[in-house]
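See below for the structure under consideration.
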Number of protein chains: 2
Amino acid sequence: MHHDDFQLAGFTPYLLNQAAEAQSLIFSAIYKDRYGMLRNEWRVLFHLGRYGEMTAKDISEKAMIHKTKISRAVRALEEKRFLAREVSEEDRRAERLTLRAPGREAFEYLVKAAGEYEDRLAGKLGQDEVQMLKALLNKLL
Amino acid sequence: MHHDDFQLAGFTPYLLNQAAEAQSLIFSAIYKDRYGMLRNEWRVLFHLGRYGEMTAKDISEKAMIHKTKISRAVRALEEKRFLAREVSEEDRRAERLTLRAPGREAFEYLVKAAGEYEDRLAGKLGQDEVQMLKALLNKLL
DNA sequence: TGTTGATAGTCCGTTTTGTAACTAACAAGC
DNA sequence: GCTTGTTAGTTACAAAACGGACTATCAACA
């Protein structure tokens with residue numbers, strides 16, 4: 001391929017990035033506007049809501065997010081009264097994190113919103129194409 | 001969908017983001033390691049290489065990047081001696097940007113690398129699936 | 001030619017990220 | 001119980017992203 005033919009708009013990393021940014025914007029507006037949350041806060045909230053009590057380490061491993069980001073997200077969620085931390089008895093370095101009532105409410109609301117987002121997407125692309133897209137994205141990972 | 005069933009790993013914005021980040025990392029390593037460039041610098045370099053002389057405004061519109069980002073990328077590329085700026089005669093607010101020899105070389109190299117990246121991707125996913133993926137991503141935009 | 005509104009590009013202050021120490025606690029071997 | 005190495009989480013500082021305010025210039029028109 002000569003450089004005269006090369007188009008940024010056909011370059012896969014560029015397309016992926018544009019699509020990811022566009023879609024991310026749609027959903028992030030929800031947790032941002034409604035709860036003032038950042039993406040990592042939503043991810044941490046999600047893990048605690050979905051899997052119950054976890055330590056920062058647990059979340060870091062499961063979500064594949066660096067521990068510093070977890071630390072900051074946990075502090076932000078604590079300041080919002082969304083979660084409680086308690087030093088573990090077995091290992092006093094670790095903290096057991098759990099959602100408090102407002103955090104659980106936010107989790108429920110956001111999971112519902114995420115489901116609605118997926119429904120809208122399926123309505124726009126078609127169920128088969130969404131499945132195809134997800135399969136292809138997984139293959140890239 | 002009840003919240004017990006909801007998986008982050010199946011949530012489209014999450015998948016898109018993970019895939020975009022992973023693929024972006026592969027290619028950005030090239031312009032970052034070799035030329036110390038940032039993503040917006042690569043995009044500006046690309047536009048100048050592909051389309052010839054442009055103003056910051058032109059690039060901003062064509063690449064859909066905010067003008068402050070263009071401004072910073074242009075300065076960085078200028079400091080690398082990759083481009084030259086010249087105040088326009090017709091409109092002294094505007095600057096005509098052109099690649100200098102080292103910038104053209106970097107452009108050629110990176111376009112070649114981008115082509116090789118696409119080839120590797122087609123080898124991994126198959127040509128049909130790459131086309132399908134691009135079509136789906138475009139549909140999302 | 002003076003005024004008004006728009007435009008090209010930069011600057012500056014704030015927010016966010018990245019990452020390399022650092023602290024406190026644990027665990028294993030001696 | 002002392003050393004040595006590891007681990008959970010925080011801190012501190014540097015790199016970078018973001019967006020609104022700013023400067024200089026232009027265009028239109030009275």
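Per chain, numbering begins at 1; letters A, B, ... match sequence-line order.
For dT10(C), the OP1/OP2 oxygens have a side-chain nitrogen or oxygen of Arg85(B) closer than 4.0 Å.
Side-chain N or O atoms of Arg104(A) include one that pairs as donor or acceptor with a backbone N or O of Leu99(A) at under 3.5 Å. In this structure, Asn17(A) contributes its side chain and Tyr14(A) its backbone to no donor-acceptor pair below 3.5 Å.
Qualifying salt bridge (Lys or Arg N to Asp or Glu O under 4.0 Å) partners for Arg100(B), counting only residues two or more places apart in sequence or in other chains: none. For Lys67(B), there are no salt bridge (Lys or Arg N to Asp or Glu O under 4.0 Å) partners at least two apart in sequence or on another chain.
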Could you go over nucleotides 13-15 of chain D and give all protein N or O partners under 3.5 Å, atom names and distances?
none

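Between Tyr117(A) and Phe11(B), a ring centre-to-centre spacing shorter than 6.0 Å is recorded. In this structure, the ring of Phe27(B) has its center less than 6.0 angstrom from the ring center of Trp42(B).
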Going through the checks in order, is the side-chain hydrogen bond (donor to acceptor under 3.5 Å, both in side chains) test met by Thr55(A) and Asp58(A)?
-> CA-CA 5 Å; Thr55(A) 67; Asp58(A) 295 337; 3.2 Å; yes
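With respect to Lys112(B) and Glu108(B), no salt bridge is recorded, no charged nitrogen being found less than 4.0 Å from a carboxylate O. The pair Lys134(A)-Glu118(A) meets the salt-bridge criterion, since a charged nitrogen lies less than 4.0 angstrom from a carboxylate oxygen. Salt bridge annotation for Glu41(B)-Arg72(B): absent, with no cationic side-chain nitrogen under 4.0 angstrom from a carboxylate oxygen. One finds no salt bridge joining Arg96(B) and Glu89(B) here, because no Lys/Arg side-chain nitrogen approaches an Asp/Glu carboxylate oxygen to under 4.0 Å.
The stretch residues 51-71 of chain A touches DNA chain D through Thr55(A), Ala56(A), Lys57(A), Lys67(A), Thr68(A), Ser71(A), each having a heavy atom under 4.0 angstrom from the strand. In the region residues 11-44 of chain B, proximity to DNA chain C at under 4.0 angstrom, judged on heavy atoms, holds for none of the residues.
In this structure, Arg96(B) reaches neither bases nor backbone, as no heavy-atom distance under 4.0 Å exists between it and the strands shown.
dA27(D) atom C1' lies 8 Å from atom CZ of Arg93(B), rounded to whole Å. One atom, CD of Glu95(A), and another, C1' of dT10(D), lie 10 Å apart when rounded to the nearest Å. Separating the CD atom of Glu86(A) from the C1' atom of dG9(D) is a distance of 17 Å, rounded to the nearest angstrom.
Each of Arg75(A) and Asp91(A) lies near DNA chain D, and the nucleotide nearest Asp91(A) is the one positioned closer to the 5' end.
Within the cation-pi definition used here (under 6.0 Å to the ring centroid, within 45° of the axis), Lys62(B) qualifies as a partner of Tyr51(B). With Tyr109(A) as the aromatic partner, Arg34(A) meets the cation-pi criteria of under 6.0 angstrom to the ring centre and within 45 degrees of the ring axis.
Summary of helix geometry: the two end axes of the helix from dT1(C)-dA30(D) to dC30(C)-dG1(D), each defined by five base pairs via their C1' atoms, are inclined to each other by 0° (rounded to 10°).
Picking from dA25(C), dT10(C), dT10(D) the nucleotide with the shortest atom distance to the side chain of Arg92(A) gives dA25(C).
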